[in-house]
Colleague: 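Handing you this structure, nothing more for now.
The figures here come from the full heavy-atom set of this structure, side chains too, leaving out hydrogens, waters and symmetry mates. What you see is a predicted model, and the numbers here were worked out from it, not measured in a lab.
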Amino acid sequence: MDGMELIAFNIISNVGMAKSLAVEALRVAREGNYDEAERKMAEASECLVNGHHAHASLIQKEAAGEKVEFSLIIMHAEDQMMAAETTKLLVEEMIEMFKQLKGTEGNTEKQAADSL
């Protein structure tokens, strides 16, 4: 395996882990465990940063004049990175929605009790 393949697999493994952690965070948030969800999202962010660092190394090589060959595996790695970023952003928003809904749920129950 050459250097390009190693970089691609580094990107793929890091961003794949980030996406998995974000989905896990959503699942624990749905159960109301927001602290655990926050920990998982922080870990997902670290994995994404690691993937970005690997990707940036390719960009730096090209910027320095070194020829970076086009390959499907690099294209796949970039695609996975974008999917992981999108997933993470959407999960962050969904967790906030869970928190808001949980807060209004209590208010609705209190309003119903008050009206009796």
Colleague: Under a 4.5 Å cut-off applied to non-hydrogen side-chain atoms, are Val15 and Cys47 in contact?
Modeller: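 No; the side chains remain at least 4.5 Å from each other.
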
Colleague: Please check if Val68 and Ile7 belong to a single hydrophobic cluster, counting links between Ile, Leu, Val, Met, Phe, Trp and Tyr side chain heavy atoms closer than 4.5 Å.
Modeller: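 In one cluster: yes.
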
Colleague: What residue pairs, at least two apart or across chains, pass side-chain hydrogen bond (donor to acceptor under 3.5 Å, both in side chains) with a residue in residues 22-34?
Modeller: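 Only Glu24-Lys40 qualify under side-chain hydrogen bond (donor to acceptor under 3.5 Å, both in side chains).
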
Colleague: Who are the salt bridge (charged side-chain N to carboxylate O under 4.0 Å, His left out) partners of Lys19, not counting sequence neighbours?
Modeller: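 Salt bridge (charged side-chain N to carboxylate O under 4.0 Å, His left out) check on Lys19 returns nothing, list empty.
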
Colleague: Under the 4.5 Å side-chain heavy-atom rule for ILVMFWY, direct or indirect, which residues accompany Val49?
Modeller: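 Its cluster mates, by chain and number: none.
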
Colleague: Show the nearest heavy-atom pair for residues Gly51 and Asn14, with the distance to one decimal.
Modeller: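 Heavy atoms only, the tightest pair is N-CB, 3.8 Å.
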
Colleague: Could you pull out all residues at least two apart from Ala77 that satisfy side-chain contact (heavy atoms from CB on, under 4.5 Å)?
Modeller: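 In terms of side-chain contact (heavy atoms from CB on, under 4.5 Å), with neighbours along the sequence ignored, Ala77 is linked to Ala8, Ile11, Ile12.
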
Colleague: Between atom NZ of Lys88 and atom CG of Leu26, what is the distance when rounded to the nearest 0.5 Å?
Modeller: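 Taking NZ in Lys88 and CG in Leu26, the distance rounds to 13.5 Å.
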
Colleague: So, for Ala84 and Leu48, which heavy atoms are closest and what is the spacing to 0.1 Å?
Modeller: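 Reported closest heavy-atom pair: CB-CD2, 4.0 Å.
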
Colleague: For Glu85, enumerate each residue passing the salt bridge (charged side-chain N to carboxylate O under 4.0 Å, His left out) test, keeping only those at least two apart in sequence or located in another chain.
Modeller: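 Here no residue qualifies.
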
Colleague: Looking only at heavy atoms, which two atoms of Ala37 and Ala29 are closest? And how far apart?
Modeller: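 Taking Ala37 first and Ala29 second, the nearest heavy atoms are CB-CB, 3.9 Å.
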
Colleague: Could you walk me through whether Met41 and Leu21 pass the side-chain contact (heavy atoms from CB on, under 4.5 Å) check?
Modeller: CA-CA 7 Å; Met41 290 303 287; Leu21 285 162; over 6 Å; no

Colleague: Quick one: which residue pairs count as a side-chain hydrogen bond (donor to acceptor under 3.5 Å, both in side chains) with a foot in residues 60-84, not counting sequence neighbours?
Modeller: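 Pairs touching residues 60-84 that pass the test: His55-Glu78.
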
Colleague: If you round to the nearest 0.5 Å, how far is CD1 of Ile74 from CD of Glu5?
Modeller: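 Spacing of CD (Glu5) from CD1 (Ile74) equals 9.0 Å.
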
Colleague: Roughly how far, to the nearest 0.5 Å, is the CZ atom of Phe9 from the CE atom of Met4?
Modeller: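 The distance works out to 12.0 Å.
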
